[in-house]
Structures are given as structure tokens and as C-alpha cells.
Amino acid sequence: MTHRDLRGKTAIVGVGHFGLGQAPGYTDMELLVRAAHRAVQDAGLTMRDIDGIATSSTAASMWVMSAIETLGLRPTYIDGTCLGGSSFMSYILAAAHALESGQCNAVLVCYGSAQRTAAVGRAAVTEARKSLDPQPYEAPYHPLSPLSSYALAARRHMHQYGTTREQLAEVAVAARLWAQRNPEAQERAPLSIDDVLGARPVSDPLTVRDCCLVTDGAGAFVMVRADRARDLPNRPVHVLGSASAVWNRQISCMEDLTVTAARESGQRAFEMAGCTPADIDVVGLYDAFTINTILFLEDLGFCAKGEGGRFVGGGGIAPGGRLPVNTNGGGLSCVHPGMYGVFLVIEAVRQLRGQAGDRQVAGARLALAHGNGGTLSSQSTVILGTAETV
Amino acid sequence: MSSSAAEGRGNMSGAERQYFDALAQGQFNIQCCGQCRRHVFHPREICPHCGADALGWVRPSGRGTVYSYTTVRRKPGSGGDYNVSLIDLEEGVRMMACVVGRDPHGVAIGMAVQARIESGDGAARVVFEEVRP
């Protein structure tokens, strides 16, 4: 069997989220359980049907064990890999293998974080990580983590390809315009290019409006084999292709700051899915910072290297533009609870089910969701399709 | 170079400790692989290019070029804005460092810089200064 044989053999049949924005009084795990419960219900299953789980946390290294205990599962398939924000895409290919081999029958992918309102805040987690996961070759220079790493990539892209500050701002403005069509998005006030440029500079060339939100939130989805998906209540969203790639952890070890491992993950995912970027109807790119969207449009092949800035210019990825990107409002305007990848999968599923309301991309059949983790470190791509694309 | 450089070191410490111990003594070292001859930074136990257990210490020229940079904004009362750069050393390795001794807003990609060791309140670290033509 090759990985291409897995094309279309599994499907996402349930999605759910909980506590987007602020969820005071909830723990990370409680948020996760609420989202998981909704996703399993949405799938037309019960928690007793779940025999596979995939989850991770930015704070707890043995998180998946706690999740199994709290949910009361006895899984035959367990994935606790942490690739940062792209973890939740990276689980999909491994889960497809496990489902197809019969190791398990229903995999729950889930995440929850109360980072915005938790008693142990982000600052404390960041401080603890300095001793638990030291970065002795970067920490002495006090880069803002992870922001300064993305600022370094943005600066290099501007230098090498003439990408402008305004083009970076276009990414944030497009995300906001989509968010205004999504009642669940957390930031929906008008935002102009001038607002982004004039916002507080944090790590040049990026301002605070080039950065994702800091919110609470939880999300989950359920995968089963395609034959079983046909008997469940929702239109199945099939997994056509997926791949992950990691080339480095620290930004100082990235060979070319304008080329990410998304080039590799995207190529492998498209090969498996048997389609090209031109076939994709709706795109989700992990926009922790505005430069991400530009880099991933290029590396995934939606435009040539160096053309990303011009591609997003003039409302290119906003509603009515040439390509619908981050239709939920993205990490920049919808939600971003530490690791955001699971929400990209949820939005792709809603678009392919035709349940995206005012932001629905008409006739969407193929969706791409791309996750990023660390400091442009991990890249995971997934291509999803409706039943007719299988 | 022996088949196992580590064996030859007896009970000496790992590469990270050796690097920072040397730095504290005023010596900035990087590694070079005896097998594939490529330079390596950050310090490691085996060569990330060819996998050989053949890394030895060498003293770089300290000459480098700014590959990219960012100005981290900080309140004047807390020390003001500062530079964080990625520096490409002449030997072909890259490292994060600060360009110091000038207005951080004037750092530019391609700027020629020279390494020096800064030993202030904290641990010793490598910083760079602009080489003025």
C-alpha cells in the first residue's frame, strides 16, 4: 500500500468548538471536553464510539493521557505528537493510516486552551518554558517569542522580493473583512490598511495588527472510514491528501527565511490528492502573523515565489478577490488560542458542507487547510473534498 | 580525527557546555566537521550535514553580514529599542545576535559586521558591531 491508496478512504464527519474568545472559569481540559462532546454529537456518534484520540498542549507534555482519562476513553490508537499549531493537521494522515488498517474506527482530534483568561497566564508558561525547553543560542538576544522570528522572515522577504508594508497589511485587512461575515469571529470592527500601518510597532516591520489574536477556545473533529461516513448524518468531508514537513526548530537554523517547509508538505499533499492549487476552491492558511499568509501562498504553489505580496494586493484574498483565504477571519481576526490548526480544519469542513453562512464560498468542493507551528518550523497541509471529488 | 571524537574527550562535557565555557573564557568557537569539512553552528555532538562523529572546534574570523534584522520595541525606561539580527558568518554558518554600538533603527541587510564577546551582568554572549568602511 502507498499513501496514495489512502486518498478519500477516510472522512471528517463531525466538528465542534467551544468557548471562542473568553471563557473565564474554564480550564484548558474543560474547554477541550466541551468541544469534543459537540464534535462527537455532530458526527452522530457517542463518546463510547471513540477508540482513537489525537491531542497536544503547549504546556503539558503528557497531555494526551489526561485527555484520555478525563474523557473516559480506552483508545486503541493514541497520538500525542506536538508540532505546535500544525499538530492538528499532522494528526490526519496518521489517523487515516490507523483507520484504514483497522487499528481503530473513530478518531477524535481535539484541543482546548484558556490562555487568555487562565490563572496561570501566558507569561508564566513562557517563563517556565525557558527552563524546560531552553533555546540557549537565541534567548540571550531577547527576541520576542515567537513574534521576532516572523519579523525577521518578513524583513527578508521585503528585501529579497520588494514585498511592501502595505501588502502585509492587506493580509490583516482581508482577514477582517471575512471576519465581518462570521458571527463567531472575535474581532469584527472595521480595519483599514492605514490602521494596520499606524498600529503600535512591536518587532519591526510588524505592528500589533500584523499579529494574531490571543484568545481562549477549543475545537475538535472526528474522523472515520469513508464507508462508515456514508451512514452518518452529515455530508462527509473526505481526506484526499495530507503531509507534514519540518526542516528546523529555531529561526536561526532556517536555511532560507523566504522558503518554508510548506513547499515540501504542500507538494506531497497535492501528489496524494491528485490535484493542483488551481483546483482548490477555498484555502485556510495559518496566519499567526501577516507574513505567514504570503509565504504559504507561495510555498503551496498558489503563486510564484516572491509574488505573494502582489497576490494579496488590491483585496486579492478578501471577499470578492481572486482566491478566498481564511474565510472564518483567521487567527488574525477570528480566534487564536495558542495553537490554531484545529480551527482551520473546522472551517474547511463547514465550507465543504455548505454551512458557512454569509461567508460561504459557492459550490466549494475542494479545500486546503495548512498549519504552521513554532517559528515557521512545522508545516502540515491537508486537502479535503466533498464526496464527488473522491 | 578518531572514529569517535567523544571517546577521545574522556569525561569532558557535551558540546553545549564546552561552547559556553570557552565563551566565558573570552573565546568564540564554532565547529568544523573533520569528515565533510563543513562548519557547524549551533554546537552539536555529531555533524548535521554528514552524520559523522568528527566535529572539532575552530576559531571563526568573526566577520559576518546581516542576513535579516528586526528592531524590538521597548519603552525607553526599560532600555529602549534594540536590534535582533541573523548574522551569516564568513565560514558559512548563521547565528542570531544583536548588532550593538549604533542606533538599532540604522541596521540594514547586507551590513558588514564583526563579532566581539560581551560580558556584562549576565552570561557572556557574542554580539556584532558594524564594520565601517
Side-chain angles (χ1 to χ4, degrees), chain A residues 130-131 133-163 165 168 198-211 246-260 289-291 295 375-376, chain B residues 14-17 19-20 23-24 28 30-31 40-44 48-49 64-75 78-79 81-89 92-100 104-111 117-128:
Chain A
K130 280 182 189 166
S131 48
D133 182 19
Q135 308 291 328
Y137 304 101
E138 293 194 345
Y141 306 106
H142 307 292
L144 300 181
S145 182
L147 168 59
S148 292
S149 297
Y150 292 87
L152 289 163
R155 177 70 75 194
R156 185 70 200 182
H157 201 278
M158 293 167 78
H159 170 80
Q160 211 161 311
Y161 296 111
T163 306
R165 243 322 328 191
L168 290 166
R200 179 170 59 88
V202 192
S203 192
D204 293 6
L206 303 182
T207 74
V208 69
R209 290 288 158 260
D210 290 295
C211 306
V246 177
W247 292 346
N248 59 280
R249 163 77 187 272
Q250 305 170 94
I251 198 76
S252 52
C253 290
M254 188 168 169
E255 196 174 310
D256 179 343
L257 258 63
T258 68
V259 180
T260 74
F289 303 94
T290 50
I291 185 63
L295 287 170
T375 51
L376 293 172
Chain B
E16 184 173 309
R17 170 73 73 83
Y19 171 80
F20 284 108
L23 207 57
F28 171 36
I30 63 173
Q31 291 171 306
V40 171
F41 192 85
H42 55 84
R44 291 165 168 91
H49 303 295
T65 317
V66 175
Y67 173 74
S68 193
Y69 68 96
T70 178
T71 310
V72 180
R73 301 302 186 113
R74 187 171 56 178
K75 292 192 178 81
S78 309
D81 300 347
Y82 60 96
N83 169 269
V84 175
S85 288
L86 296 177
I87 308 294
D88 284 344
L89 296 184
V93 297
R94 182 175 297 157
M95 65 186 294
M96 183 175 280
C98 297
V99 176
V100 300
H105 293 274
V107 175
I109 290 176
M111 179 180 274
I117 296 173
E118 182 184 83
S119 331
D121 305 333
R125 62 175 193 166
V126 177
V127 295
F128 288 81

query: Relative to the ring of Y137(A), is the ring of F20(B) parallel (under 30°), tilted (30 to 60°) or perpendicular (over 60°)?
result: parallel
statement: OG (S149(A)) and CG (L86(B)) are apart, to the nearest 0.5 Å, by 8.0 Å
- request: Applying side chain to side chain contact (heavy atoms under 4.5 Å, CB included), run through L257(A) and R94(B) and close with a yes or a no.
  value: CA-CA 12 Å; L257(A) 258 63; R94(B) 182 175 297 157; 4.0 Å; yes
task: Against chain A, work out which of N83(B), V84(B), I109(B), I87(B) has the most heavy-atom pairs shorter than 4.5 Å and name it.
output: I109(B)
query: V93(B) versus chain A, heavy atoms under 4.5 Å apart: side chain, backbone, both or neither?
result: neither
message: Using a 4.5 angstrom heavy-atom cutoff, name the option from A153(A), P201(A), P205(A), P140(A) with the most pairs to chain B.
response: P201(A)
- line: Given L144(A), V202(A), I251(A), L147(A), the one with more heavy-atom pairs under 4.5 angstrom with chain B than any other is V202(A)
statement: When the 4.5 angstrom heavy-atom criterion is applied to L206(A) and chain B, the contacting part is neither
message: For R74(B), I'd like to know if atom CZ has over 12 heavy atoms of other residues, nucleotides or ligands within 6.0 Å.
response: yes
query: Side chain, backbone, both or neither: which part of Q250(A) has an atom under 4.5 Å from a heavy atom of chain B?
result: side chain
- line: Between M95(B) and S252(A), the two heavy atoms sitting closest are C-CB, 4.5 Å
task: Count the heavy-atom pairs under 4.5 Å between each of Y69(B), Y67(B), Y19(B) and chain A, then report the option with the highest count.
output: Y67(B)
message: Checking T70(B) against S203(A): is there a side-chain donor and acceptor pair closer than 3.5 Å?
response: yes
task: Give the minimum heavy-atom separation between L152(A) and S85(B), together with the two atoms involved.
output: CD2-CA, 4.4 Å
query: Between S68(B) and R156(A), what is the shortest heavy-atom contact and its length?
result: OG-N, 3.5 Å
